[in-house]
Number of protein chains: 2
Amino acid sequence: MYIYDYPRPALTVDCIIFGLGENSLKVLLVERADEPFKGMWALPGGFVDINETIDAAARRELEEETGIQSMFMEQLYTFGDVHRDPRGRVVSVAYYALVNLSEYNVQPGSDAHRAEWHEVSQLPPLAFDHTLIFETALKRLKGKVRYQPIGFELLPEKFALSQLQRVYELIIGKELDKRNFRKKILSMGLLIELPERQKGVSHRAAKLYKFDKAKYRQLEAEGFMFEI
Amino acid sequence: MYIYDYPRPALTVDCIIFGLGENSLKVLLVERADEPFKGMWALPGGFVDINETIDAAARRELEEETGIQSMFMEQLYTFGDVHRDPRGRVVSVAYYALVNLSEYNVQPGSDAHRAEWHEVSQLPPLAFDHTLIFETALKRLKGKVRYQPIGFELLPEKFALSQLQRVYELIIGKELDKRNFRKKILSMGLLIELPERQKGVSHRAAKLYKFDKAKYRQLEAEGFMFEI
DNA sequence: GCAAAAGTGTTTCCCCTACACCCATGG
DNA sequence: CCATGGGTGTAGGGGAAACACTTTTGC
C-alpha cells in the first residue's frame, strides 16, 4: 500500500471572516466570478498548496482578501461531503477569523472579484455548502466568546467598556446589564486603563482600556478561566 | 484554474478511541506493521476513499478496529503540517470516539496487526505527530465532558451513579464530592431511574439509571445548558 | 439647558461547597 | 459481624442578577 496509489480529494480552505459594523456583526463574502455558482456569494477560499500548511493557506487567503497580515484565526471544522462541489471531490478545511474593521479600514474588492461585508442576520444564499459552514462558524463564535477572551479581537487595541459590551451583546444576542458587565470584566484584572479618553464624541468621553494579553496568558497557565 | 491542475495532499483519518478501564481511561493503539515507524505504536487510521465522506472513513476505521458499529464519534481537528509524514504530503483529519468497553468486550487485534489498550497517563512514544494529536484529543475530552453529556458514552446503557462519578473523576482528574455530584446530576432530570439494581456485588446494590437522550435534546432546544 | 452616553453601589437570592453518618448486602 | 460501597441533609459563603440616579460633555 503505497500512499500515491490512492485517488485524492482536492483540498481547499474556506474562511469565515467576522467584522464589527456600526451596530451589527458582519461577514466578508465574495462574488463568484466563475462557474459553478457564478454570480453567487461565497466564503473566500482557495486551494491548499502542496508545500504549505493548512494554517498558512488560510492566512494567505485572509491576507489576500483583507490586506491584514495578522489577525485572530482558528481552525473551525473540515467539510468533506462527497458532492459538496459539483466539479469533483473537494474537501475543505474551514477557518474563522476576527478582524477589527475600524482600525484597518479593510477594503474588500482590491482583488479582481467583488467582495462585500454582509450582516450575519441577513445573508444571501451562498454557493456550495457555505451556508452550513457559516452557521457552524457562528455557532462556534457564540459558544467560544463566553469563555475565551476573543471579543477583544473585533475591537481596536484601545476601546471603551461600552464598546466591549456591545460586542458581547451582538454575538450572544441578548442585552447585558451595564453595571454587572463592568464589575465582572474589571474584576478579572485583565484590562489596562489608559490615560487617554475617547475623542470626537458629543457626550462625556469614555475611558479607554486595552486587553492585557501577557497577564491573561499568565493567569491561564495558573488555571484561571475567563468567563462572561 | 481547473481543480485537477493542482498536486494534492493525501487525505487520511486518525482515530483516538477512548475506553474505560477498571480504574483508568484508556486509548486504543496499533502497532505499525510497515515503515515508516515500523514497530512503533500509532493511532488507528487510514486513507479516505474518494467516494466516501470523511465521517464515513472514520466510522469505517472505528469499526475495523473495535467491531462496534455505532459509537459516539466527533471530528477533532485537521492536522496538515507539511512534513508530518516522511512519505510525502499527508493531511489527516482526526476523530475521537468514546466506547464502552465492558458492554462490548472489544477485542483489539482481530485484524492482522496488533492493537492494545493503553492507559492515557502512560502512553509509549507514538509514530508521526500522533502524540500531538492524542494530546489535542485529551484536552478536548477534558473540556467537553463538563458541558456536554458525553460521559455517559463511556458507560454501559445502565449504570450506577458512582460509576458515572468515577468517569468524571478520571477525565477531569480530580475527586468530586459524592453528595454534591448526585444532587447536581439528579437535579437536571436527565436520568431515568430503572427498577433494576446492580447484581453480583458484595455490598449493597446500587440503583441503576439510564440517560434520557430524548429529554436532553428537548431541553437543549429550549436553551438548557448541561454542566457538571 | 438639553441630549446622550459614562459612570457608579447595594440588596437579594440562588447555587456551589463543605462536611459525617447510617444503611443494605454478601461473605 | 464485618467489610464494602450505597445513600442521604444542612448550613454558610460567594458570586450572579436586579435595579436608578448623577455626571460629564458637545452642541
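Labels below follow one simple rule: chain letters A, B, ... track the order of the sequence lines, proteins then strands, and each chain is numbered from 1.
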Could you check whether [X] pairs with [Y] (Lys NZ or Arg NE/NH1/NH2 to Asp/Glu carboxylate O, under 4.0 Å)?
X      : Y      : answer
B/K139 : B/E135 : no
A/E61  : A/R59  : no
B/K207 : B/E193 : yes

Just the rounded figure in Å: distance from [atom2] of [N] to [atom1] of [X].
X      : N      : atom1 : atom2 : answer
B/L164 : D/dG5  : CG    : P     : 18 Å
B/I185 : C/dC15 : CD1   : C1'   : 16 Å
A/E227 : D/dA16 : CD    : P     : 8 Å
B/Q165 : D/dG7  : CD    : C1'   : 12 Å
A/E175 : D/dC19 : CD    : P     : 14 Å
B/K199 : C/dG26 : NZ    : C1'   : 16 Å
A/L176 : D/dC19 : CG    : C1'   : 15 Å
A/N23  : C/dA4  : CG    : P     : 15 Å

### Message
Between A/D14 and A/S92, does the side chain to side chain donor-acceptor pair (under 3.5 Å) criterion hold? Intermediate values first, please.
### Response
CA-CA 7 Å; A/D14 285 309; A/S92 181; 2.6 Å; yes

### Message
Quick check on the 6.0 Å ring-centre criterion: do A/Y209 and A/F159 meet it?
### Response
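Here the rings of A/F159 and A/Y209 have centres that are no less than 6.0 Å from each other.
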
### Query
How would nucleotides 6-13 of chain C be written as a contact map, 5' to 3', with B for base contact, S for sugar-phosphate-only contact and - for no contact, using protein heavy atoms under 4.0 Å?
BBBBB---

### Task
Would you please name every residue forming a side chain to side chain contact (heavy atoms under 4.5 Å, CB included) with A/L219, sequence neighbours left out?
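Residues passing side chain to side chain contact (heavy atoms under 4.5 Å, CB included) with A/L219: A/L190, A/K215, A/E222, A/F224.
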
